[in-house]
Amino acid sequence: MTNRIFICLLVLSSITVRAQQNLVRYVRPIIGTEKMGHTFPGATVPFGAVQLSPDTDTIPYEKNGKYNGEVYKYCAGYKYEDKTIVGFSHTHFSGTGHSDLGDFLIMPTQGALQLNPGTADNPKSGFRSAFSHQNETAEAGYYKVKLDDDNIMAELTTSQRVGMHQYTFPKSDQSHIILDLMSGIYNYDDKNVWTYVRVVNDTLVTGYRQTNGWARTRTVYFAMTFSKPFKSYGKKDFDTRQVYRGFWGKFDQNRNFPELAGKRFRMYFDFSTAANEKVKIKFALSPVSQDGALRNLQEEIPGWNFDAVKKQAQDSWNRELNKVVVNTSENDKINFYTALYHAFINPTLYMDTDGQYKGLDQNVHKAQGFNNYTTFSLWDTYRALHPFFNLVQPSRNNDMVHSMLAHYDQSALKMLPIWSHYANDNWCMSGYHSVSVIADAVIKGVYKGDVNKALEACVTTARHRSYEGIGYYMDLGYIPAERSGVSVSNTLEYAYDDWCIAQMAKRLNRNDIYEEFSKRAGNWKNNFDSNIGFMRPKMADGSFKKEFDVLSTHGQGFIEGNSWNYSFFVPHQPEQLIEMMGGKKRFASRLDTLFTMHLPDKFFADTEDITREGIIGGYVHGNEPAHHVAYLYNWAGQPWKTQQRVRMILKMQYKPAADGLGGNDDCGQMSAWYMFSSMGFYPVSPGSEQYSLGSPSVKNAVIKLENGKTFEVEAINQSDKNVYVQKVLLNGKPLEGLTLNHSDILKGGKITFYMASKARK
């Protein structure tokens, strides 16, 4: 009997293994590393705290006392167009339009020791190395590149909190590992506040670094261990401005000294290596302490088997990628699974293996009953990424909402996160979109905590009068143009967020809050100039700003967009917007113009984040404010145009190449748009359980829901020409209207689209 049970278990295990496809093979981390994508190609695991990736240059944030525009190209540390690598650092943002991080850069070298990075046009003048994309491999959870100048093969993989390096050296008695404790992304001389290093023995080094960058107060602790003892070590100090040095001059701190501290220094570790000898490094991070980093290292990667760690990383990616199995063309599979990969990089885990993390109050906290996350780029990700998590990662999104509410509890200002990053708020972009994420999670039944407390946090944040014009917004119903350079976009985004609060209040039978925020949700009307049919800045006296250009992005009251795109930003009340714009026919005509107009070159004069690759007509897909716009034809009575536009965007803005993204991926938002749209539906207004229907580009997709059920998307007669939907069935019955409910998906079943080459009007 026991043997029979054992055989049954083996059969079940075999079925499970067969059912899980090898989808890692479709992931191309190199997509988005050229031009405006701002992704990184290195190794990470799903939502991991370590992003171990090459950095290709050391562009400073400032030049001659001013912002250096070239630094924008290096938001992810790596630029595909570059020919040299300066090293491999352990923290990176994925797809952002501003940056930080790049912590603890490591570079293997051999020959005469050099402790400056050199220059891109003369890499041999420093420790950087030339490389070729022909000798570069980037996979989910694994990166490999040959460093040509020193003939060293570099390989990288990670666990959640530990980066693992494997460097294959030539025969040399002058092999080195450089640990650059100065390097960083968006770096400048004063960014490093303080660095401490303790050499514990000849294989173990611990320490921490404090930085003042995008995150104003950030401390990252590390533990670094080598697979073989180093024979000597040292450091070079580059801080020429330190006035007070105490009496540490009694020691020679530059050579084999076990305790080091300062603002700007680099270390080196010397080895003798045989031909093709592999020197391995495990580098763990912690937000709490050196001991925490060491525990993370010991618990996550106790051994030295690099291939086993790589397999574990790629197995973790396969488990996540198999949550959605699609049948489509080979190129579209690459696009889809790379998008899924990019969507599952951020937010990032922010706590040690024992649950401890440093909070916004700079005290140590312990996550109780949830995993704590950071890297919330909410202006971007509330639109589609978090709604996508509610569908395929509900437990994680529940934890993310818990993390936001912990942030609120620790906030001296009692505000939910705007842009959360390493126990800091960067305060980047407009709106208070954590309320959208929270409301969407509450309404879809994803958040399992105290919903009334969540509502209270949302309301308190939305009533914070001193934050970016909220007081004016509450008193006047708009933000005066004299008081804010982004007055219109703030008013529009606050109005949407307020609608989300109203929906949550309605769900919880809080009628007083529902009434208050339903009224506020209509404030977008105060910036609509009916004489010209566009959103327009309004002055404190109630008049509209006289000097106004609907195409310009500079000085017109908008952030990362112009009036043409932002005038459609009323995702929560499209029917009312259509009425104010003159009815369905005129509204659809306006949408037609947006997608077919020609933008003059002056549009790009004041933008660094958008080029023509990210624009179709005047529609800006490379930035987020108009991501819902193609779906608005559904409300205008012309759904066939939604279908045509969506398929056009999918083809034009996403390609399986290094320059395959039309704009910043923005922590997965661009990727989430792709996945929703390729499956035929999209969350136009998160905070509602409705998805708006489009035109699926996949032939088939199976979403494996966390409740054990599956939801299947099927597209009959699918092809590049057959973009128009003739009819839609839900579980074999005609689906009325142009929306799909989240609750219907959770029940499991199938939605079937019948496609054709001609529009059904």
Side-chain angles (χ1 to χ4, degrees), residues 13-33 37 39-54 76 78 88 92 94-95 133 135-145 154-160 162-166 300-301 305-346 348-349 388-389 392-393 396 654-658 660-661 665 668 671-672 674-675 678-679 698 700-704:
S13 175
S14 176
I15 291 170
T16 301
V17 169
R18 286 201 304 269
Q20 181 166 291
Q21 297 185 33
N22 177 23
L23 300 176
V24 163
R25 63 196 175 109
Y26 295 112
V27 174
R28 303 287 189 273
I30 212 74
I31 292 175
T33 60
T39 59
F40 63 83
T44 190
V45 296
F47 307 98
V50 172
Q51 308 85 35
L52 180 51
S53 188
Y78 177 100
F88 308 95
H92 294 83
S94 179
H133 294 304
N135 294 322
E136 181 183 38
T137 300
E139 300 174 358
Y142 175 68
Y143 178 84
K144 177 181 179 181
V145 69
E155 296 176 89
L156 313 173
T157 190
T158 76
S159 64
Q160 288 185 315
V162 186
M164 191 170 187
H165 308 239
Q166 180 168 272
E300 291 192 355
I301 308 182
N305 189 328
F306 182 89
D307 290 337
V309 177
K310 172 189 171 184
K311 182 179 184 304
Q312 190 175 40
Q314 296 199 320
D315 285 349
S316 71
W317 274 115
N318 253 332
R319 285 192 295 273
E320 301 302 328
L321 296 173
N322 270 271
K323 291 181 186 293
V324 187
V325 177
V326 299
N327 177 19
T328 187
S329 69
E330 193 77 4
N331 279 347
D332 284 351
K333 277 188 178 180
I334 292 171
N335 284 333
F336 189 94
Y337 286 109
T338 303
L340 193 54
Y341 166 83
H342 282 145
F344 289 171
I345 290 177
N346 302 114
T348 53
L349 193 67
F388 189 73
F389 291 162
V392 300
Q393 297 276 9
R396 286 191 198 269
Y654 301 88
K655 298 173 184 176
L661 293 178
D665 194 56
S671 292
Y674 180 91
M675 290 181 293
S678 66
M679 291 191 294
V698 299
N700 180 271
V702 177
I703 303 170
K704 299 177 182 178

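Here the rule is side-chain hydrogen bond (donor to acceptor under 3.5 Å, both in side chains) with E155, and of K144, Q166, H165 only Q166 fits it.
Remark: side-chain polar atoms of Q314 are paired, donor with acceptor, to backbone N or O of A140 under 3.5 angstrom. Judged purely by atom type and a 3.5 angstrom limit, T338 has no side-chain atom pairing as donor or acceptor with the backbone of N335. Listed for the T158 side chain is no donor-acceptor partner under 3.5 Å among the backbone atoms of Q51. Here the side chain of T39 pairs a donor or acceptor atom with the backbone of T33 at under 3.5 angstrom. Looking at S53, its side chain does come within 3.5 Å of a backbone N or O of G42 through a donor-acceptor pair.
Here the side chains of V24 and L321 are in contact, with some heavy-atom distance below 4.5 Å. Side-chain contact check for N327 versus V698: every heavy-atom pair is 4.5 Å or farther apart.
Minimum heavy-atom separation, D332 to Y674: O-OH, 3.7 Å. The minimum heavy-atom distance between V325 and Y337, with the atom names listed, is CA-OH, 3.2 Å. Here the closest heavy-atom approach between residue D665 and residue S671 is recorded as OD1-OG, 2.8 Å. The two residues Y143 and P41 make their nearest non-hydrogen contact at CD1-O, 3.6 Å. When all heavy atoms of T44 and W317 are compared, the closest pair comes out as O-NE1, 2.7 Å. In this structure, A313 and T157 approach most closely via the heavy-atom pair CB-OG1, 3.7 Å.
Taking the six-membered ring where the residue is Trp, Y142 and F306 present perpendicular rings, their angle passing 60° and hence far from 30°. In this structure, F47 and F344 have tilted ring planes: the angle between them lies in the 30° to 60° band.
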Let me see the working for Q312 and I301 under side-chain contact (heavy atoms from CB on, under 4.5 Å), right down to the final yes or no. CA-CA 10 Å; Q312 190 175 40; I301 308 182; 5.7 Å; no
Would V145 and F88 satisfy side-chain contact (heavy atoms from CB on, under 4.5 Å), going step by step from the backbone distance to the final call? CA-CA 11 Å; V145 69; F88 308 95; 3.9 Å; yes
Please lay out, stage by stage, how L23 and N322 fare under the test side-chain contact (heavy atoms from CB on, under 4.5 Å). CA-CA 7 Å; L23 300 176; N322 270 271; 3.8 Å; yes
For the pair V162 and V50, evaluate side-chain contact (heavy atoms from CB on, under 4.5 Å) and give the outcome as yes or no after the intermediate values. CA-CA 6 Å; V162 186; V50 172; 5.7 Å; no
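I703 contributes atom CD1, which lies 4.0 Å from atom CE of M679 (distance to the nearest 0.5 angstrom). Here the straight-line distance linking atom CE of M675 with atom NE2 of H342 works out to 10.5 Å at 0.5 Å rounding. With rounding to the nearest 0.5 Å, the separation of CG in D307 from CE in M164 is 9.0 Å. Between the CG atom of N331 and the CZ atom of R28 there is a distance of 9.0 Å, given to the nearest 0.5 Å.
Counting heavy-atom neighbours within 6.0 Å of K655 NZ, excluding the residue itself, gives a total of 12 or less.
Note on residues 308-322: pairs passing salt bridge (Lys or Arg N to Asp or Glu O under 4.0 Å), not counting sequence neighbours, are K311-D315, E320-K323, E320-R396.
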